[in-house]
2 protein chains.
Amino acid sequence: MSSLTARKAKILKSIVEDYINQAEPISSSDIKDRHLPEISSATIRNELAALEEMGYLYQPHTSSGRIPTKEAYKLYVEKLMPRKKLSKAELNLIKSHFNQQMLQLKDVLKKTAKVISEVTNYTSLAFVNDISEAVIENIKIVKLQSKTALVIVVTNLGVLKDAIVNLEEEMDDSYFDAVSKLSLQVFGGKKIAQVMKPNKIINTALKGYQKIFDAIIDIIKKYYERVGVEDFVLEGASKLLEQPEYSNVQQAKSIIAMLEAKEQLLPALKTTDNVELNIRIGKDERYQSLPECAIVTANYIVNGKNIGQAGVVGPIRMDYSKVVSVLDYIGKTINDSIQNRINIFIDEKQK
Amino acid sequence: MSSLTARKAKILKSIVEDYINQAEPISSSDIKDRHLPEISSATIRNELAALEEMGYLYQPHTSSGRIPTKEAYKLYVEKLMPRKKLSKAELNLIKSHFNQQMLQLKDVLKKTAKVISEVTNYTSLAFVNDISEAVIENIKIVKLQSKTALVIVVTNLGVLKDAIVNLEEEMDDSYFDAVSKLSLQVFGGKKIAQVMKPNKIINTALKGYQKIFDAIIDIIKKYYERVGVEDFVLEGASKLLEQPEYSNVQQAKSIIAMLEAKEQLLPALKTTDNVELNIRIGKDERYQSLPECAIVTANYIVNGKNIGQAGVVGPIRMDYSKVVSVLDYIGKTINDSIQNRINIFIDEKQK
DNA sequence: TATTAGCAATCAAAGCCAAAGAGTGCTAAG
DNA sequence: CTTAGCACTCTTTGGCTTTGATTGCTAATA
């Protein structure tokens with residue numbers, strides 16, 4: 001078996017890039033015409049046969065051009081891919097979107113997904129990563145109506161504020177003040193993961209507050225279970241259908257169904273490892289029912305905090321170079337131009 | 001031109017229902033076999049010709065069976081359609097979903113959309129109606145971090161609590177208490193619409209609170225603009241692709257794109273009129289770029305409050321009878337089994 | 001007058017076949 | 001190692017025929 005010479009690499013790169021654009025098998029003469037006019041198509045055919053032997057190419061049938069295999073895409077992403085410069089127009093589009101004020105983590109997710117989809121023309125997704133490591137910084141319980149209170153939990157990653165607690169009897173403001181103070185004493189500085197461990201906190205002297213404390217713990221648990229599933233944004237789903245790969249409605253359906261089944265999709269996407277870029281090409285081994293597709297996501301970090309992932313879903317024949325450049329630039333933009341605007345991310349120690 | 005005799009009506013009803021199931025043109029002998037064995041297909045053909053003349057049927061080509069026109073569907077919905085009984089299994093499925101506790105308006109939307117999609121097998125949507133008539137009942141401003149506060153606005157339709165306000169300098173709790181009290185005095189009892197009118201409230205003696213008041217008004221305005229667009233839930237989009245109507249990827253794409261463009265879609269869906277059921281068959285005249293589809297939504301009312309709409313999107317050949325039954329029953333279920341659980345809907349006068 | 005059997009006419013869908021065209025692999029020569 | 005030449009393979013396309021479903025019309029019937 002031969003090795004990957006410089007010329008083979010160039011040919012392979014040409015095929016991957018041309019196939020990304022054309023979505024049709026690439027012939028030896030295509031390569032000659034567009035990339036290697038100085039050598040003959042016959043020579044290229046010899047190289048192609050070798051590359052096929054090495055597992056980087058295949059033919060749908062004997063008398064057709066070549067298509068890159070998944071291995072070819074992996075090699076392309078790791079070794080061959082250039083870093084594309086984004087155009088002025090693209091840079092400006094991205095910047096202008098993030099110049100607007102955003103106060104909420106979810107706003108950032110939505111905006112990010114929207115921008116990614118617009119610039120790449122792929123379906124995009126964004127979601128928050130695991131929050132069990134988030135540290136509770138503040139807790140307030142606010143009376144809303146006679147028997148209803150809102151529980152607000154501030155962590156170093158954001159504010160949980162989707163929690164309404166129902167009381168059996170009416171309480172006055174001083175009661176809620178007391179509970180707020182006590183909660184902060186009990187939960188302050190703890191990680192979400194710690195709070196969720198059953199029956200660990202009850203040893204404190206809680207007197208008559210047992211019930212509302214159980215409710216608060218319950219709220220945190222529920223929030224933990226839902227975050228991610230709730231805060232999962234999908235943008236431009238219809239763009240999937242522009243791809244010739246999904247011109248068969250069956251395939252289109254299976255991939256859209258996959259994106260809708262967040263509960264199953266998210267565990268496969270959430271990564272604890274701290275890599276910047278996740279490129280998943282082809283079926284995920286763990287979820288064999290997934291349709292053929294590629295998912296490229298970047299971990300977004302603001303002020304040193306990993307706030308989540310955002311990226312694109314598309315056919316395996318994806319413009320990785322462009323996508324990676326866009327994700328990269330958006331990551332920088334988020335960090336540069338937003339960190340001072342999003343107060344919920346700022347991690348000032350409160351004491 | 002002949003009139004719609006009982007037999008013509010029966011034939012038309014048969015065609016509509018059979019076509020809903022089969023998705024293929026219905027022939028005269030189909031009708032004879034399945035619905036009118038006592039008369040000949042030739043007679044039926046005569047009737048068909050008359051129904052076509054009347055605008056209720058058409059043929060894709062001369063030698064094919066008949067397909068109902070939009071007018072036929074309209075007539076079917078208004079006059080011919082039976083009220084289907086839901087099966088025990090379906091009733092139980094719906095009930096069991098709504099037995100769970102739901103604390104948030106958005107939870108109800110999501111659950112409703114999910115149930116509708118599951119039971120009808122169509123793509124479903126749910127959203128809240130206009131909130132400009134909501135009356136402000138309570139306002140609290142809660143300090144979260146040194147320069148960050150959360151604004152909570154309780155209305156008779158729910159709680160707005162997605163609003164974080166940034167301050168220029170650090171304030172202590174008493175400041176926020178004062179602002180909360182003052183806000184309640186100024187805004188309490190007012191409708192959202194009134195608050196949004198520019199410069200109407202500034203005549204009160206606000207002393208040093210001008211800035212934070214502007215911020216609060218701004219938050220309410222922003223919330224008003226976003227509500228609906230934010231609280232728009234779509235469920236089971238992939239089910240659209242099961243419909244033979246959308247086996248052509250172009251059509252599928254255009255309809256999914258329509259559902260994604262919430263900003264354009266919602267104004268067409270939101271109705272101020274107080275009808276229970278909205279059935280939109282075919283293109284909406286106002287939005288001619290919309291693809292061919294039918295949208296059926298019901299207004300959902302809890303404790304006498306119109307909280308929003310929910311329904312399905314699908315091909316014009318839609319099982320209206322089933323859909324209407326399901327929407328109807330879900331409406332009842334929401335009102336019956338949830339009103340006592342969702343505190344945010346309860347409209348107890350606070351004074 | 002309404003119904004119906006009979007039948008020719010129509011048209012989409014399916015199958016078939018031949019021709020065209022794109023692209024390869026192999027061989028032999030440079 | 002490269003390349004021209006050429007036979008071979010296989011898809012795609014277009015045209016043609018056949019099949020089958022369904023209709024509309026006519027004339028006979030109740």
Side-chain angles (χ1 to χ4, degrees), chain A residues 1-12 14-15 18-19 21-69 72 244-245 247-248, chain B residues 1-12 14-15 18-19 21-69 72 244-245 247-248:
Chain A
M1 183 172 290
S2 53
S3 68
L4 193 74
T5 61
R7 193 171 69 184
K8 281 194 181 61
K10 177 167 185 187
I11 291 174
L12 188 56
S14 305
I15 291 189
D18 284 5
Y19 185 69
N21 291 324
Q22 286 185 212
E24 263 165 30
I26 308 298
S27 73
S28 54
S29 56
D30 285 347
I31 299 170
K32 178 184 164 67
D33 294 348
R34 286 200 283 251
H35 303 282
L36 286 169
E38 66 275 15
I39 59 177
S40 78
S41 65
T43 308
I44 294 172
R45 277 202 291 284
N46 289 333
E47 298 282 60
L48 292 181
L51 284 166
E52 184 163 347
E53 174 78 13
M54 294 161 78
Y56 291 123
L57 297 174
Y58 73 96
Q59 299 172 281
H61 56 268
T62 43
S63 70
S64 86
R66 256 86 174 189
I67 296 175
T69 62
E245 277 80 354
S247 64
N248 170 347
Chain B
M1 183 173 289
S2 52
S3 68
L4 194 74
T5 62
R7 192 171 67 183
K8 281 194 181 61
K10 178 169 185 186
I11 289 174
L12 188 56
S14 305
I15 291 188
D18 283 5
Y19 185 68
N21 291 323
Q22 286 186 211
E24 262 164 32
I26 309 297
S27 73
S28 55
S29 56
D30 285 347
I31 299 170
K32 176 184 165 69
D33 293 348
R34 286 199 284 252
H35 303 281
L36 286 170
E38 67 274 16
I39 60 176
S40 79
S41 64
T43 308
I44 294 172
R45 276 201 291 283
N46 290 333
E47 299 282 59
L48 292 180
L51 284 166
E52 185 163 344
E53 175 77 16
M54 294 161 80
Y56 291 123
L57 297 174
Y58 74 96
Q59 299 172 281
H61 55 268
T62 42
S63 69
S64 86
R66 257 86 172 188
I67 296 176
T69 62
E245 277 80 352
S247 64
N248 170 346

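Here is the naming used below: chain letters follow the sequence lines, and residue numbers restart at 1 for every chain.
- In this entry the distance linking CG of A:L57 with P of C:dG25 reads 11 Å, nearest Å.
- Rounded to whole Å, the distance from OH on A:Y58 to C1' on C:dG23 is 16 Å.
- What separates CD of A:E53 from P of C:dG25 is a distance of 12 Å, to the nearest Å.
- Atom NE2 of B:H61 is separated from atom C1' of C:dA9 by 13 Å (rounded to the nearest Å).
- Without hydrogens or angle criteria, A:S29 side chain to A:S41 main chain gives no donor-acceptor distance under 3.5 Å.
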Quiz item: Passes side-chain contact (heavy atoms from CB on, under 4.5 Å), B:R7 versus B:I39? Steps please.
Solution: CA-CA 11 Å; B:R7 192 171 67 183; B:I39 60 176; 3.9 Å; yes
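- Following rounding to the nearest Å, B:E47 (CD) and C:dT1 (P) show an atom-to-atom distance of 16 Å.
- Taking atom CD of B:E38 as the reference point, atom P of C:dT3 lies 11 Å away to the nearest angstrom.
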Quiz item: Going through the checks in order, is the side-chain contact (heavy atoms from CB on, under 4.5 Å) test met by A:T43 and A:L36?
Solution: CA-CA 10 Å; A:T43 308; A:L36 286 169; over 6 Å; no
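- Rounded to the nearest 0.5 Å, atoms CG (B:L12) and CG (B:L4) are 6.5 Å apart.
- Expressed to the nearest 0.5 Å, how far CD1 of B:I67 lies from CG of B:L57 amounts to 9.5 Å.
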Quiz item: What string of B, S and - do you get for nucleotides 19-30 of chain D 5' to 3' if you count protein non-hydrogen atoms under 4.0 Å?
Solution: --BBBB------
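- Residue B:H35 is tested with B:I15, B:I44, B:I11, B:D18 for a side chain to side chain contact (heavy atoms under 4.5 Å, CB included); the sole match is B:D18.
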